[in-house]
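The analysis underlying the following values was restricted to heavy atoms, covering all of them including side chains, and did not include hydrogens, waters or symmetry mates. Letters A, B, ... are given to chains in the order of the sequence lines, protein chains preceding strands, and every chain is numbered from 1.
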Amino acid sequence: MSEFRSKCYKELIKVPKGKVTTYSELAKAVGTKAVRAVGTAMAKNEKLIEIPCHRVVKSDGSIGQYASGQAKKIELLLEEGVPVENGKVANFKEFLHLF
DNA sequence: CATCTGACACAGA
DNA sequence: GTCTGTGCCAGAT
């Protein structure tokens, strides 16, 4: 577990249920410009339960990828009250959580 | 709309 | 210790 990853997770768990954030915002929150590095950290995530990576979407509201499958990610989001249409979060900016 | 480039952590050689 | 390829991407072209 590296510092970097810990930060990513720490920031991520600040996102309340029913809201989402973007890889960009998350990257800024942890102090890096490499949103891809954040993605990598998430991909290596082992605590799929503790770390709600499904609350992280791309900058345009697209769902992006997910370790357990995009479909699963969408399900979880809907489950938390985040509307998803055609693989994208509807009005995602209204559900976007800024740090 | 399809690509390319940028930025960076991390695992494997 | 360095090099290379890869990754739940963004922004520009």
Contacts table for residues 31-44 of chain A: side-chain donor-acceptor under 3.5 angstrom, sequence neighbours left out:
residue, atom, partner, partner atom, Å
A/T32, OG1, A/A34, N, 3.1
A/T40, OG1, A/R36, O, 3.0

Cut-off 3.5 Å, no hydrogens considered: what does the side-chain donor-acceptor table look like for residues 87-99 of chain A, sequence neighbours left out?
none

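Legend: residues meeting salt bridge (Lys or Arg N to Asp or Glu O under 4.0 Å) with A/E80, ordered by chain and number and at least two apart, are A/R55. Remark: A/Y66 pairs with no residue by the side chain to side chain donor-acceptor pair (under 3.5 Å) rule, at least two apart or across chains. Here A/K7 pairs with A/V30 under the side-chain contact (heavy atoms from CB on, under 4.5 Å) rule; sequence neighbours left out. Partners of A/Q65 according to the side-chain contact (heavy atoms from CB on, under 4.5 Å) rule, which considers only residues two or more places apart in sequence or in another chain, are A/Q70.
Judged by distance alone, the side chain of A/S62 and the main-chain N or O of A/K58 form no donor-acceptor pair under 3.5 Å. Side chain of A/K73 to main chain of A/I63: a donor-acceptor pair is present (N/O by atom type, distance under 3.5 Å, no hydrogens or angles).
Sorted by first and then second residue, the side-chain hydrogen bond (donor to acceptor under 3.5 Å, both in side chains) pairs involving residues 9-21 of chain A (not counting sequence neighbours) are A/R5-A/Y9, A/E11-A/K14.
On the nucleic acid side, DNA chain B has its first and last nucleotide under 4.0 Å of a heavy atom of chain A at B/dG6 to B/dA11, going 5' to 3'.
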Are there any protein N/O atoms within less than 3.5 Å of an N/O atom in nucleotides 4-7 of chain C, and if so, which ones and at what distance?
residue, atom, partner, partner atom, Å
C/dG7, N7, A/R36, NH2, 2.6
C/dG7, N2, A/R36, O, 3.3
C/dG7, N2, A/A37, N, 3.4
C/dG7, N2, A/T40, OG1, 2.8
C/dG7, N3, A/T40, OG1, 2.4

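Nearest-nucleotide positions on DNA chain B place A/V35 closer to the 5' end than the other of A/V35 and A/R5.
The minimum heavy-atom distance linking A/V56 with A/T22 is given by the pair CG1-C, 4.0 Å. Counting all heavy atoms, side chain and backbone alike, A/I13 lies closest to A/P52 at CG2-CD, 4.1 Å.
Here the separation of B/dT5 from C/dC8, taken at their P atoms, is 22 Å to the nearest Å.
A/V82 and A/I74 fall within the same hydrophobic cluster, where Ile, Leu, Val, Met, Phe, Trp and Tyr residues are linked whenever their side-chain heavy atoms come under 4.5 Å apart, directly or through other members. No single ILVMFWY cluster, assembled from side-chain heavy atoms under 4.5 Å apart, contains both A/I51 and A/V20.
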Show your working on side chain to side chain contact (heavy atoms under 4.5 Å, CB included) between A/E75 and A/L78 and close with a plain yes or no. CA-CA 5 Å; A/E75 273 182 52; A/L78 291 174; 5.8 Å; no
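A heavy atom closer than 4.0 Å to some atom of DNA chain B occurs in no member of residues 17-31 of chain A. Shown for residues 55-63 of chain A: residues whose heavy atoms fall under 4.0 angstrom of DNA chain C, namely A/K58, A/S59. DNA chain B lies under 4.0 Å from no heavy atom of any residue of residues 66-97 of chain A.
Side-chain contact check for A/V15 versus A/L26: every heavy-atom pair is 4.5 Å or farther apart.
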